[in-house]
Amino acid sequence: MNVPKFSGVFRSFLISYIVILIIPSLAGYMSYRTSISVTKSVSIENGITQLQKSKEILERRMAEVEGFTRQLAINQDLNVLMNERTANDQTNVYGIWKMMRDVLTFGQTNDFLQNFFIYLTNYNVVLTPGSAYFRPEHYYESFHYGDLSFDEWKQKILDQTHRSEIMPLHPFVNKGTDTSVITYMQSLPLDSFNGSSPAIAVVLIDAKTMTSLLSGLTDRYGGWVDISDAQGQPIAMQGIAQADIASMTSDPSFDSNKMDQFYDDDLVITIRSSSNGWVYRAGIPRHALMENANKIKAITWTVTGMALVLGVVVGFLLAYRNSAPIHRLLGIVREQFGQEGGASNRSDYDFLHGNISEMITSNKRLESELRRQLPLVRDAFLKRLIAGEFKSRDEILAAAAQANTGVSGHSGYAAILQINGYSGMDSVEILNELSAARLLLKQGLIDRAGQIPMTDLGSDKIVILFPTVDGETGHPVAREDVEHYLNNLERHVAAEYRMSFTAALGGFFPSETEVPHSFEQAKQALEYALHLNRKGVLWHDEMKLESATFYYPLDMELRLIGTIRAGEIEEARRIVDSVISQNTMRRELSIEMKHQLVGEIKGTFLKLLDQKAFQESDQFETVKTRILGIQETETIDGVRREIDEVMGTLCRLVTSRKNDSHMRTVEQIKQFVQERYSDSELTLYRIAEQVDRPEKYISQLFKEVTGTNLSDHLEKVRMDRAVALLRNHDHTVDEIASKVGYNSSHSFRRAFKRVTGVSPSSFRQSADHWEGGQIAE
């Protein structure tokens, strides 16, 4: 069973499965995007929260530093020392020692107070936890700023009044160790404003101590942190250089007022302190921020990819499996609709009766639509027929059957009815009136002559084909009957509608191919009647024709050529007889006109010989010589005999070529069937495709040439092979069924019994007594 992998049925199934697979995949993708967005938002929120907590801790520590200076301001011992008057370089050593002991405990509760000093102006002494430097120079030797000299330090810090003042980050040397500090300064007492103060409390806060409060962000994400004051001066930083901070804040694309934003592949979180205006910034690398999201992404794409691949494979297999029976059914339907007779396996597909009912319903709708359009088709056919557009009788018969005109197989007379009194009038009112008049004439004809072929010719004429046999009763209709119908109609319309018409009739047409000729005669008769202003009924043979020229119109020549090319000798003879009759019985030709007529007819047959089909024949030269040998001086009967011989020869050549072509096509069909009989998908459609012919054509052709239906021939070939296989005893019945092109052993057994009269098993048991090697025709 080989189903075309890219057939329409297979593609439909596969696309349906893929669409079903894509829908949950899209839903999963939307869920994935939502998960990524939520994960990203949560990560950003966590970073902001952690930075906010670190800010709060830092501000509390700084508040404790400020509280420390306020406690110093109310310390009684320190107030005594600040207000003592020194004399004779006497120093209150005990008071200084006691003060050192008092401040020693402050640094044990707050790591921001690990390094501070109190400068007493009156004693010029620097007090630190556990030490007293009676000269500031001694203190500055061990603790000094890397970018300030002693004098600058003394002038900037010791000799100034400070009120909760913070000096930004500066390099600092702490007993030989390089570090960075910010400096908190507060003059004592707190209300010192005159440019100098009795004492100054200075707290040196190590930048590392401050950034350690933010280490949760850097340790977790591997990013950076930065703290700057309201003027943008650095307070503390970690993981980033001051130059990078400056570059970022000066970049126009960076919004300093935005809480979170991406900059250089980092998420930058910015928080401002409402108490001191400090700006806290933290930078989190995108890859660290999206770590969890990337895990989700990797898992999602892996699972989705595997599911899609597996789903496509499963969809491919299901599409193949489900399209196989439908494809088989399509082949059988094509075969059954493409030929007559033949074996039927439709009972195997009873489950599809609903679909077949739909086909029947659709067919009924189509029939209804065709019936609705039938008048238009019939009118178009009649116009083509009278215009002589058909090339052969077969073409006329096929078109007549399609239009259901009733013309097929009839002879009769062509007539033209012209309504009088409207010549040269073409206003809208006149056209409407003429339309009504034509309808009245048609209905009157139907009432008197029954359903006969009619069509309009312009706005004031009707063309009618009167048959010589009534299609409804089967009674013959003579010329007198036609004239009687028209005379009765003329009296009726004159009395009822005060309308008159002129009826012109052509000569008798013996077959459908002569209708254009009879119509041309009717046109001539109508022109003759209008010329003489004659009303009523006029026949063509009642005219007095002039004989100045011969009669051989172009459409008559073209019909003759088409008829001979189709091999229809009888129609060709009828056309030639009509031409000769018109030029002998209705005309008296001069000698010159007779010679020209014979020359024109010879020219027609020489044109025929230019066709490739005749040029390749071995009789080409013989026929050409015979045509050229027709003498204009011969009698008309002699010319007729010579032409008849030439036509017979040409039509036999056409028929012979047709038969050869048909035999080759039939042999090609037989050979293809012999080669592919084991294929269960071998249908009429596939055979027609192989020989490049329509299905209906090869079905009828095979029947005409061989006398056997194509389906019967295929079944016989299969049965012959089955008989041979049954005799060998090498295969089971089921295997033989598959080898000879049957989908199931049941259908094979039924077909075998129908052809041979016995079942395959019974045949095998009696094989030794079976007579004949093959099934009889």
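Counting from 1, the numbers follow the sequence of the chain as shown.
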Please give me the minimum heavy-atom distance between Pro510 and Ser411, naming the atom from each residue. O-CB, 3.4 Å

Do Glu514 and Ile575 make a side-chain contact, defined as non-hydrogen atoms from C-beta onward lying under 4.5 Å apart? yes

Do we see a donor-acceptor contact under 3.5 Å between the side chains of Ser500 and Glu490? no

More than 12 foreign heavy atoms under 6.0 Å from CG of Asp637: is that the case here? yes

So, do Phe466 and Asp481 sit near enough that their side-chain heavy atoms are less than 4.5 Å apart? no

Minimum side-chain heavy-atom gap Leu650-Leu609 below 4.5 Å: yes

Approximate separation, where rounding is to 0.5 Å, of Ile601 CD1 and Arg640 CZ: 10.0 Å

Considering all heavy atoms, the nearest Gly388-Pro516 contact: CA-CG, 3.6 Å

For Gly507 and His540, which heavy atoms make the closest approach, and how far apart are they? N-CB, 4.3 Å

Donor-acceptor pair between Thr502 and Gln418 side chains, under 3.5 angstrom: no

Closest non-hydrogen atom pair, Leu385 against Glu512: CD1-O, 3.8 Å

Looking at Arg626, I'd like to know if its CZ atom is crowded, meaning that more than 12 non-hydrogen atoms belonging to other residues, nucleotides or ligands lie closer than 6.0 Å. yes

Work out which heavy atom in Phe501 is nearest to a heavy atom in Leu441; give both atom names and the distance. CD2-CD2, 3.8 Å

OG of Ser459 to CD1 of Ile419: how many Å apart, nearest 0.5 Å? 8.0 Å

Identify whether the distance between the nearest side-chain nitrogen and carboxylate oxygen of Arg574 and Glu571 falls below 4.0 Å. yes

Show the numbers, then the answer: is there a side-chain contact (heavy atoms from CB on, under 4.5 Å) between Ile564 and Val654? CA-CA 8 Å; Ile564 295 176; Val654 171; 5.5 Å; no

Going through the checks in order, is the side-chain hydrogen bond (donor to acceptor under 3.5 Å, both in side chains) test met by Gln521 and Trp539? CA-CA 9 Å; Gln521 291 178 335; Trp539 292 85; over 6 Å; no

Taking side chain as C-beta onward, heavy atoms only, is Val515 less than 4.5 Å from Leu382? no

Rounded to the nearest 0.5 Å, what separates atom CG in Leu538 from atom CG in Leu505? 8.5 Å

Working to the nearest 0.5 angstrom, can you tell me the gap between Glu433 CD and Met499 CE? 9.5 Å

Electrostatic pair Lys442:Asp456 at N-O distance under 4.0 angstrom: yes

Is there a donor-acceptor contact under 3.5 Å from the side chain of Asn487 to the main chain of His484? no

Heavy-atom side-chain proximity of Met593 to Leu597 below 4.5 angstrom: no

Under the side-chain hydrogen bond (donor to acceptor under 3.5 Å, both in side chains) criterion, do Glu557 and Thr604 qualify, and how do the steps go? CA-CA 7 Å; Glu557 180 186 27; Thr604 299; 2.8 Å; yes

side-chain contact (heavy atoms from CB on, under 4.5 Å) between Ser699 and Leu710, intermediate numbers included: CA-CA 6 Å; Ser699 177; Leu710 182 52; 5.6 Å; no

Stepwise side-chain contact (heavy atoms from CB on, under 4.5 Å) test for Arg479 and Thr468: CA-CA 8 Å; Arg479 173 170 170 161; Thr468 53; over 6 Å; no

Quick one: does Ser435's side chain have a donor or acceptor within less than 3.5 Å of a partner on Leu431's backbone? no

Can you check whether Lys461 reaches Leu417 side chain to side chain, under 4.5 Å on heavy atoms? no

Are Phe509 and Tyr413 an aromatic pair by the rule of ring centers under 6.0 Å? no

If we only count heavy atoms from C-beta on, is the Met556 to Ser578 side-chain gap below 4.5 Å? yes

Verdict with supporting geometry, Met454 and Ile446, side-chain contact (heavy atoms from CB on, under 4.5 Å): CA-CA 10 Å; Met454 290 181 287; Ile446 292 173; 3.9 Å; yes

Can you check whether Cys651's main-chain N or O pairs, donor with acceptor, with Thr655's side chain at less than 3.5 Å? yes

Tyr485 side chain reached by Ile464 side chain, heavy atoms, under 4.5 Å: no

Between the side chain of Lys383 and the main-chain N/O of Thr455, is any donor-acceptor distance below 3.5 Å? no

Would you call Arg573-Asp577 a salt bridge at under 4.0 Å N-O? no

Could you report the tightest heavy-atom contact between Phe702 and Thr708, atom names first, then the distance? CD2-O, 3.2 Å

Roughly how far apart are His492 NE2 and Gln443 CD, rounded to 0.5 Å? 9.0 Å

Output for pair (Glu689 CD, Phe672 CZ), nearest 0.5 Å, gives 8.5 Å

Tell me if the NZ atom of Lys624 is crowded by more than 12 foreign heavy atoms within 6.0 Å. no

